Amino acid sequence: MAPWFSFTAYRNWWLRHSFSNAGLKSTTTGLGETTTMHCWVPQTPNSSKPSLLLIHGIGANAMWQWNDFISPLMHRFNLYVPDLLFFGDSHTTRPERSESFQARCVMDMMTCHGVRKMSIVGISYGGFVAYSMAAQFGEERVEKVVLCCAGVCLEEKDMDDGMFQVKSVDEAVSILLPQTPQKMRELVKLTFVKPAKFLPTCFLNDFIDVMCTEYHQERKELIEALHKDRKYSNLPKMTQSTLIIWGELDRVFPLALALRLKQHLGENAKLVVIKNAGHAINVEKPKELYKNLKSFLIDPTTPSKEENHSNSHKVD
């Protein structure tokens with residue numbers, strides 16, 4: 001017998017109202033006959049404000065991952081918050097699963113909304129897409145980039161070298177796309193420094209039913225595409241000013257990948273490490289994350305606050 005109440009569905013409903021009350025509206029954009037992109041966009045765009053694109057990672061839809069940041073950023077930006085393909089209401093019948101295809105779809109969607117130039121913040125998988133957008137479309141379309149815990153510099157051999165907590169892509173998929181309460185608990189333990197100690201099975205089953213069952217095969221293929229034949233030497237260099245933000249204790253993409261990315265981008269990039277934070281820094285340390293976003297995107301001419309902040313430090 002189906003449960004009469006779904007906490008996950010209720011929170012999804014509440015988040016939709018929260019986004020709407022903040023000044024955003026839900027839109028869908030058709031890209032030809034094969035692809036549909038969903039995005040939260042300004043109800044009334046302000047031509048005097050710059051545009052900022054927030055790209056979510058693997059997991060729940062965009063609302064769940066960005067809600068804490070909408071209100072403070074709305075005051076300074078025209079915000080665009082898409083669901084990537086196979087999340088939320090975005091989907092395609094095309095076979096491509098690379099982050100470069102996701103990037104092209106997001107940029108085509110932004111073009112349809114009349115946005116010519118933007119800055120981008122991408123977290124985890126969303127950082128892969130953000131990096132690809134910046135590299136593909138250059139400074140003409142992408143102004144600044146923030147990459148949060150996004151292991152774009154990983155190589156296929158890193159798995160064999162023991163860099164990650166998991167030993168295979170299949171094991172990673174089983175945790176990142178959990179289908180049982182036990183796997184969901186493993187995911188929480190992997191992504192948080194201080195995971196919740198009590199996670200009722202009924203709530204976990206509810207979340208899995210609402211958020212983790214649709215497009216499971218397609219999401220699995222997205223993760224597989226990130227890893228397959230990936231070589232650091234093939235990663236293009238982007239030229240935009242870039243802020244790299246990482247959790248000090250990230251166990252999904254270890255800090256070594258942040259240092260590798262900083263070396264790859266050189267003087268164009270600044271690395272900030274948030275102390276006592278894991279992979280889910282948007283949930284675990286939202287205030288510290290916002291302070292660093294604000295310093296880089298809004299107050300670039302003022303001294304960088306994160307250098308003296310007790311919970312984060314800059315790495316040159």
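This one's a predicted model, so the numbers in the text were calculated from it and none came from an experiment. In this chain, numbering begins with 1 at the start of the sequence shown.
- Sorted by first and then second residue, the ring pair (Phe, Tyr, Trp, His ring centres under 6.0 Å) pairs with a member in residues 220-246 read Y232-H264; sequence neighbours excluded.
- A chain of hydrophobic side-chain contacts below 4.5 Å, direct or via other Ile, Leu, Val, Met, Phe, Trp or Tyr residues, connects L235 to L147.
- With sequence neighbours excluded, no residue forms a ring pair (Phe, Tyr, Trp, His ring centres under 6.0 Å) with Y290.
- Residues F69 and V121 are not in side-chain contact: their nearest non-hydrogen atoms beyond the backbone lie 4.5 Å or more apart.
- Around NZ of K49, the count of heavy atoms belonging to other residues, nucleotides or ligands within 6.0 Å exceeds 12.
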Check the pair L31, T92 against side-chain contact (heavy atoms from CB on, under 4.5 Å), reporting the backbone distance first and the verdict last.
CA-CA 9 Å; L31 305 178; T92 185; over 6 Å; no

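- Residue pairs meeting the side chain to side chain donor-acceptor pair (under 3.5 Å) criterion with at least one member in residues 114-125, sequence neighbours excluded: Q102-Y125, R116-E140, S124-H279.
- How far CG of L293 is from CG of L73: 6.5 Å, rounded to the nearest 0.5 Å.
- Every residue two or more places apart in sequence or in another chain that forms a ring pair (Phe, Tyr, Trp, His ring centres under 6.0 Å) with Y215 is listed here: F86.
- Look at E99 and R230 and you find a salt bridge, because one of the NZ, NE, NH1 or NH2 atoms lies within 4.0 Å of a carboxylate O, short of that distance.
- Listed by first and then second residue, the side chain to side chain donor-acceptor pair (under 3.5 Å) pairs involving residues 178-190 are R185-T201 (not counting sequence neighbours).
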Expected list for residues 191-199: side-chain donor-acceptor pairs under 3.5 angstrom, two or more places apart:
| from | atom 1 | to | atom 2 | distance (Å) |
| --- | --- | --- | --- | --- |
| T191 | OG1 | L187 | O | 2.8 |

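- Residues L15 and W64 share a closest heavy-atom pair of CD1-CD1, 3.5 Å.
- Among residues two or more places apart in sequence or in another chain, the salt bridge (Lys or Arg N to Asp or Glu O under 4.0 Å) test is passed with R219 by none.
- Contact check for Q65 versus I123: side-chain heavy atoms found under the 4.5 Å cut-off.
- In summary, the side chains of N268 and S241 do not present any donor paired with an acceptor at a separation below 3.5 Å, with no hydrogens or angles considered.
- E218 is linked by a salt bridge (Lys or Arg N to Asp or Glu O under 4.0 Å) to nothing, counting only residues two or more places apart in sequence or in another chain.
- Of the N and O atoms on the side chains of N61 and D89, not one donor lies less than 3.5 Å from an acceptor on the other residue.
- When the ring pair (Phe, Tyr, Trp, His ring centres under 6.0 Å) test is applied to W13, the partners found at least two apart in sequence or on another chain are Y10, H17.
- Annotation: salt bridge (Lys or Arg N to Asp or Glu O under 4.0 Å) contacts of E33 (sequence neighbours excluded): none.
- Taking the six-membered ring where tryptophan is involved, the planes of F87 and H56 are perpendicular, since the angle between them exceeds 60° and thus also 30°.
- Scanning for salt bridge (Lys or Arg N to Asp or Glu O under 4.0 Å) contacts around D158 gives R260, with sequence neighbours left out.
- Note that CE of M133 and CE of M107 are 3.5 Å apart. Values are rounded to the nearest 0.5 Å.
- Closest heavy-atom contact between E284 and G278: OE1-N, 3.0 Å.
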Quick one: do M37 and D83 satisfy side-chain contact (heavy atoms from CB on, under 4.5 Å)? Show the steps, please.
CA-CA 7 Å; M37 293 293 295; D83 286 317; over 6 Å; no

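- Under the rule for a ring pair (Phe, Tyr, Trp, His ring centres under 6.0 Å), the partners of F19 that lie at least two apart in sequence or sit in another chain are W40.
- For the pair T35 and R94, the minimum side-chain heavy-atom distance is below 4.5 Å.
- More than 12 heavy atoms of other residues, nucleotides or ligands shown are found within 6.0 angstrom of CD on E96.
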